Amino acid sequence: MTALVEVTGLEKSFGDHRVLRGVDLAVDSGTATVLLGPSGSGKTTVLRSLNVLEIPDRGVVRIDDASVDFASLPRDKRERNRAIGALRARSGMVFQAHNLFPHMTVLGNLIEGPVQVQRLPREEAVAQARVLLEQVGLAGREDAYPAQLSGGQQQRVGIARALALKPEVLLLDEPTSALDPELVGEVLAVIRDLAAEGLTLVIVTHEVRFARDVADQVLFLDGGVIAERGGAEVLEDPREERTKQFLARVLEAR
Ligand SMILES: Nc1ncnc2c1ncn2[C@@H]1O[C@H](COP(=O)(O)OP(=O)(O)OP(=O)(O)O)[C@@H](O)[C@H]1O
Ligand SMILES: [Mg+2]
């Protein structure tokens, strides 16, 4: 099987700080990958590079049939933007804090991208938004403003908003870390459902128990390289000393 997502030799520096030092990874269609690692190891930068919110210095990112070699981007600006746009459109991003538009209702937030970016007719976008709200357990809340929702509900709208653009892979960056503990479960439940439905997921999370349940693949990032990779068993029985130490710290913090 050809992987849906393939990253080779990804490198990124901020000034003289080498944050990603040659990251290679592959994600099969319909699987969930959990990306773990200490603060500053480059997890967010990997996700942002996949969604091309960050332009890597070197490396190839391919999602399905859209591929960009960042070492040799097209010189022509329009061509470059087209290549980046095609790649970006294949993934959707869910951020730590939901980033909803505060002045728009839930429905407004959900149809903004499809109508403005994808030129979907408004009625279709609304119909699709209703289905997505149902999927994240928020049927009937389309007229609420973000401030009228709990953090967990806002984050579920954030997930629905990313899904509204029909990404082939959903990237989630610590989707529950900004939430009060009692709201974490409802968001993880939605992500679990998406995994069960076969959506391809890449999730940065420190929720180890959740990771154990959903992960088909575990990647442990340390110092800008993938220090260990494997199936969910990596979480139970890591080989590398730094993975062991990291997991011990995370589990202790719970
Ligand atoms: N835009 C930026 N400009 C300068 N440095 C940055 C930028 N973005 C990230 N960095 C640095 O790159 C390193 C990796 O950051 P990144 O956010 O990818 O780490 P992370 O693994 O997601 O960490 P955390 O667990 O704290 O979210 C950090 O040292 C960070 O300070
Ligand atoms: Mg991060």
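Numbering of ligands and ligand atoms starts at 1, following listing order. Just so you know, these numbers use all the heavy atoms, side chains as well, and skip hydrogens, waters and symmetry mates. Here, residue 1 is the first one in the sequence, and each next residue gets the next number. Everything numeric here is computed off the predicted structure, so don't read it as measured data.
- Side-chain atoms of K166 and Q128 include a donor-acceptor pair closer than 3.5 Å.
- Looking only at heavy atoms of the protein, atom 17 (O) of ligand 1 is closest to T44 CB, 3.5 Å.
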Yes or no on salt bridge (charged side-chain N to carboxylate O under 4.0 Å, His left out) for R212 and E236, after CA distance, side-chain angles and deciding distance? CA-CA 8 Å; R212 227 175 260 158; E236 310 283 354; 3.0 Å; yes
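- Of the N or O atoms in E54, none lie within a sub-3.5 Å distance of an N or O in ligand 1.
- In terms of protein heavy-atom proximity, atom 1 (N) of ligand 1 is nearest to F14 CE2, 3.5 Å.
- In this structure, atom 9 (C) of ligand 1 has a protein heavy-atom contact shorter than 4.0 Å.
- The nearest heavy-atom contact from the protein to atom 26 (O) of ligand 1 is S39 OG, 2.6 Å.
- A donor-acceptor contact closer than 3.5 angstrom is absent between the side chains of S41 and D222.
- Neither side chain, T45 nor E54, offers a donor N or O lying under 3.5 Å from an acceptor on the other.
- Residues E11 and R21 are not paired through a salt bridge, judged by the lack of any N-O separation under 4.0 Å between the basic side chain and the carboxylate.
- Tally of protein N, O or S atoms closer to the Mg ion (ligand 2) than 2.8 Å: 1.
- Nearest protein heavy-atom contact of atom 25 (O) of ligand 1 is K43 NZ, 2.7 Å.
- Atom numbering of ligand 1 starts at 1 in the shown order; those under 4.0 Å from a heavy atom of P38 are 21 (O).
- Around atom CD of E134, no more than 12 heavy atoms belonging to other residues, nucleotides or ligands sit under 6.0 Å away.
- Neither side chain, Q148 nor Q153, offers a donor N or O lying under 3.5 Å from an acceptor on the other.
- Distance check on atom 31 (O) of ligand 1: every protein heavy atom falls at or beyond the 4.0 Å cut-off.
- A donor-acceptor contact closer than 3.5 angstrom is absent between the side chains of D143 and T105.
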Report the C-alpha distance between D69 and R58 in whole Å, list the side-chain angles of each, state the deciding distance to 0.1 Å, and finish with yes or no for salt bridge (charged side-chain N to carboxylate O under 4.0 Å, His left out). CA-CA 7 Å; D69 180 350; R58 260 176 300 282; over 6 Å; no
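- The residue among E174, H206, H17 with a heavy atom at the shortest distance from atom 27 (O) of ligand 1 is E174.
- No cation-pi contact links R48 to F95, judged by a cut-off of 6.0 Å to the six-membered ring centre and 45° from its axis.
- The single protein non-hydrogen atom nearest to atom 12 (O) of ligand 1 is V19 CG2, 3.1 Å, given as residue, atom name and distance.
- Residues satisfying the salt bridge (Lys or Arg N to Asp or Glu O under 4.0 Å) criterion with D57, sequence neighbours excluded, are absent altogether.
- Cation-pi check for K244 over F246 is not met; the charged atom does not lie both under 6.0 angstrom from the ring centroid and within 45 degrees of its normal.
- By the 4.0 Å heavy-atom criterion, G224 is excluded from the residues contacting ligand 1.
- With atom 20 (P) of ligand 1 as the reference point, the heavy atom nearest to it among G40, G223, G37 is part of G40.
- Given atom 18 (O) of ligand 1, the protein heavy atom at minimum distance is T45 OG1, 2.5 Å.
- The existence of a salt bridge linking D173 and K43 is excluded, since no basic side-chain nitrogen approaches an acidic carboxylate oxygen closer than 4.0 Å.
- Between G42 and ligand 1, at least one pair of N/O atoms sits closer than 3.5 Å.
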